[in-house]
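Here the structure is laid out as C-alpha cells; the discussion comes afterwards.
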Amino acid sequence: MHYLIEELIVIATFVFLYQFMSVSYPKKEKLKSKKLIEQLFSEGQSVSAFPLRLVYMPTSFDDDVVAKTGVSVSKRNFKTAVDRNRIKRLLREVYRLNKAVYFNNITTQYAFMILYIGKDKPTMTQVESRMKLLFEKFSNKVSQ
RNA sequence: CAAGUAGAUCGCCUUAUCGCUCGAAUGCUGAACUUGUUUCAGUUAAACAUAUAGUUUAUUUAAAAGGUACUGAAACAAGUUCAGCACUUGAGAGGAAAGUCCGAACACCAUAGUGCAACAUAGUGGUUAACAACCACCAGUCGUGAGGCUAGGAAAAGUGCAACAGAAAGUAUGUACAGGUCAAGCUGUAGUGAAACCAGGUAAACUCUAUGUGGUGCAAUGUCAUGUAAACCAGUGUCCCGAUAACUAUCGGGAGAGAGCGGCACGUUCGAUGCUGGAGGGUAGGCAGCUAAAGUAUAUUGGUAACAAUAUACUCAGAUAAAUGAUAAGGGCUUUUUAUACUUAUUUUAGGUUAUCCUGAAACAAGUUCAAGAAGUACAGAAUUCGGCUUAUAGAUUUACUUGAAUA
RNA sequence: CGGGAUGUGGCGCAGUCCGGUUAGCGUACACGGCUGGGGGUCGUGUGGUCGCAGGUUCAAAUCCUGUCAUCCCGA
C-alpha cells in the first residue's frame, strides 16, 4: 500500500512536468562546438554553489533550443575515468529533470557549462539540491 | 582434513518509470535528381535584306493542319537519394576496455639506395602474418615435493677493471713454520682476500660473432566547406655557353650558394619567385577512413605441445566536451552478530551396574539446519584494428598434482 | 598517438656519467658554550637501509630489466 502511493506520486510528478516541456536531453542541446566553448570560458560569467559552478554566456545559434549545455569534471580531482563518467552522468540527469522548471521562460539563447569542482563523489540528492540552488542564483542574477 | 603447486572458467540478477547513441521499417513535410504526361515557346537548307526582327523558295504530305525528334520553361504524377519531425522496433563496454612495453595489419613519405654509426635479440628444435610472445627438450639454480626462475653465444683476437686486506692482484716478489741447497722463493703449509703461478673472474665494461631493424603514425591519409599573407621587416645570394635577327624575352646545355632525405659520409631531389632570421595572419567544422575480421562458438582429425586443417552455425558497440545511464523496489553471493534445534568429541557431576558399560544434567569446542539484524558486493570505461606481455582485481566455480596428519 | 625528466634524512638539493666499504651539503630539530636574557654565532648530536621488486657482480644509490608515482613537451 505504501509503495503504491509513493509510486503514484512519482508518476504524477512526471506527468505534471510533461505538460510543460519534455524532460529529454538530446544531442542538439549539448554544447559541442570547440569554438563556442573556448569563447565561453574566455568571455562568460559564472555563478557557483559548491561543489558546482555554472559558466554562462548569452549567444545565438541556428538550432531551435533554449540553451546548449555541457558538463565537466576535472581529471585532477578524479583520477579514474569511471568516477568522472559517473559524476557527469549524474549532472546530466539532474539537469535533464530540472531544466524545464527554470529555463522555460527564458527568451534569449544561452551557452552553459556546468563544472564539478568538489573532490568527493556525490549522491543524486546532493547534486539535485545544489543544482536547484545554482539555477535560482543564476536566474536572480540575470533578472537584475 | 590441513597446507601448497600448476592451470581453466565466471566476475551480479530481476521488475517499474524516465532518458542517451547507432541502425531498420512506416507515415508526414521539405529539397535535389531521373522518368513520363500535358501546355507554351523555338528549330532544317538556299537566296535576299538587315543594327536586329525578317521575307521568299525548297524539304515531309495527294493537300492542309499536325506529329515524330531535339532545346528551354511551367504544372501534374511516379521513382530514387538526402534532411527534419512523429511513431514502432532491434542492438549497445572489458577480462583486463588500463599501462603503451614488444610485434603486425593499414596509410602516407626522395618508387623505400649503399656504407658507417645506433638499437634490439642470443642454448637446441618447433609454432606463428609477425615478435623480445608461446610450446617441447637440454643445461644451470632454488624448493622435502608438485613445481618456480634463468639477457643460457665468445675471456686462447685485443683494450680495460678489481676498494680494503695482503709480501705480491700480472711484469710480482716474500712474512712465519717445516723441508731443502754451495747459494737462491727452490718446495710445501699457514696467513690476506671474492680471486694468489701449466692461473682465474668480469662482456647487464669496451669489444668480437651471428641474425634483424628505412621513417612517421588514423591528429596517418583522402575529400567537401570556411578562411588567409607565395604578403611584411632585416640579412644574404647567379653566372657561363649555344640557338631563335636580339645584353633584356623564350628554348636547350653546364656550373651553382643554400635547402630536403630529423646522426655522419656517399648518393639523390629541389634550386634563385632561393636561403637564413624576426615579427605575425588564417582554419580547428562535416564526410570517408570506421569496423565481416590473421572473427566468434561447437565438433572432428593431425601433432607430446604451442598450433594447424576441415565441417557446421552465427553476425556481435562505433561515440567524438565523447553514447552504453539515472531513480525506486526486490533478489542472489560473502562476512559477522543474536537466538533456536540437532549431531559429534572432551571434561565435570548424579544414578544404575560385575565392568573400561548405560542413562540424565551442566560446561566448553567444532559442524549442520533455520530465522532476524548489520556490513560488504572488487579492479575498472571502447576511441583505427588485431597477436602477445605487464599491472589492478571483492568474490565464486572447477581440473590435475604435491607434502603432512588421521581413519579403514 | 608519440617524446622526455624526476624519485636520496622533516624540507630543498649533491653524489649516479666512469660500481669500492665514512652516503654528503644547506635548512630544520635536540643539547652545550659565548650573553644578565633574547637574537645571533660557535661546537656536538639525532635522523637514511637512496620510490618498489628482481637480476648481473666479490661488491650496486650508481649497471640491467620490470613496475609504481609525479611533472613537462609535441602532432
Side-chain angles (χ1 to χ4, degrees), chain A residues 1-139 142:
Chain A
M1 192 64 191
H2 186 71
Y3 297 144
L4 259 179
I5 291 171
E6 209 165 81
E7 240 173 63
L8 274 177
I9 291 169
V10 169
I11 292 167
T13 322
F14 281 128
V15 169
F16 174 74
L17 283 174
Y18 231 69
Q19 291 174 342
F20 280 91
M21 185 174 174
S22 164
V23 289
S24 69
Y25 180 45
K27 222 171 178 179
K28 248 201 234 174
E29 290 186 30
K30 289 178 185 170
L31 184 61
K32 281 169 177 290
S33 164
K34 207 179 242 181
K35 212 173 173 182
L36 197 60
I37 291 165
E38 264 175 36
Q39 201 186 348
L40 176 63
F41 278 114
S42 59
E43 297 176 15
Q45 296 174 293
S46 69
V47 289
S48 61
F50 190 84
L52 299 176
R53 180 185 180 85
L54 176 72
V55 183
Y56 64 94
M57 182 183 72
T59 179
S60 63
F61 25 75
D62 298 333
D63 296 315
D64 183 29
V65 290
V66 174
K68 278 182 184 286
T69 310
V71 296
S72 179
V73 183
S74 170
K75 195 173 186 178
R76 195 169 290 272
N77 294 337
F78 297 93
K79 288 287 174 203
T80 60
V82 172
D83 292 341
R84 290 197 297 279
N85 279 348
R86 160 82 184 168
I87 293 167
K88 280 154 81 174
R89 279 164 182 160
L90 279 177
L91 291 176
R92 274 194 222 110
E93 188 73 8
V94 172
Y95 172 79
R96 180 172 76 79
L97 294 173
N98 290 291
K99 63 173 182 173
V101 181
Y102 294 96
F103 300 128
N104 219 18
N105 303 324
I106 290 174
T107 49
T108 50
Q109 291 180 316
Y110 275 97
F112 291 122
M113 181 63 82
I114 302 168
L115 306 174
Y116 188 84
I117 51 179
K119 291 188 176 174
D120 304 315
K121 281 199 263 183
T123 62
M124 179 79 173
T125 46
Q126 282 171 2
V127 174
E128 189 154 18
S129 62
R130 300 311 294 182
M131 194 174 282
K132 279 176 179 169
L133 182 68
L134 186 71
F135 287 154
E136 274 167 29
K137 270 187 172 179
F138 164 74
S139 31
V142 167

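To find a chain, count down the sequence lines: A is the first, B the second, and so on, and within it residues start at 1.
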Kindly say if [X] contacts the phosphate of [N], meaning a side-chain N or O under 4.0 Å from OP1 or OP2.
| X | N | result |
| --- | --- | --- |
| A/Lys27 | B/rU320 | yes |
| A/Arg89 | B/rU324 | yes |
| A/Lys79 | C/rU70 | yes |
| A/Arg92 | B/rA323 | yes |

Taken to the nearest whole Å, CG/A/Leu40 to P/B/rA284 is 17 Å
Check: A/Lys28 main-chain N/O paired with A/Lys68 side-chain donor or acceptor under 3.5 Å | yes
For [N] and [M], measure between their [atom1] atoms and round to the nearest Å.
| N | M | atom1 | value |
| --- | --- | --- | --- |
| B/rC106 | B/rA130 | C1' | 15 Å |
| B/rU391 | B/rA96 | C1' | 9 Å |
| B/rC108 | C/rC1 | C1' | 16 Å |
| B/rU269 | B/rG282 | C1' | 31 Å |
| B/rC137 | B/rC149 | P | 15 Å |

Double-helix bend of the helix from B/rU26-B/rA86 to B/rU43-B/rA69, axes at both ends from 5 pairs, round to 10°, gives 10°
Starting from Watson-Crick (N1-N3 plus N6-O4 or O6-N4) and G-U wobble pairs under 3.5 Å, report the runs of at least three that RNA chain C belongs to.
-> C:1-7 with C:68-74, C:10-13 with C:24-27, C:29-34 with C:40-45, C:51-55 with C:63-67
Would you list the pairs meeting side chain to side chain donor-acceptor pair (under 3.5 Å) in which at least one residue belongs to residues 112-123 of chain A, sequence neighbours left out?
-> A/Asp83-A/Lys121, A/Thr123-A/Thr125
For A/Pro26 and A/Ile37, take the nucleotide of RNA chain B holding the closest heavy atom to each; which residue's nucleotide lies nearer the 5' end?
-> A/Pro26
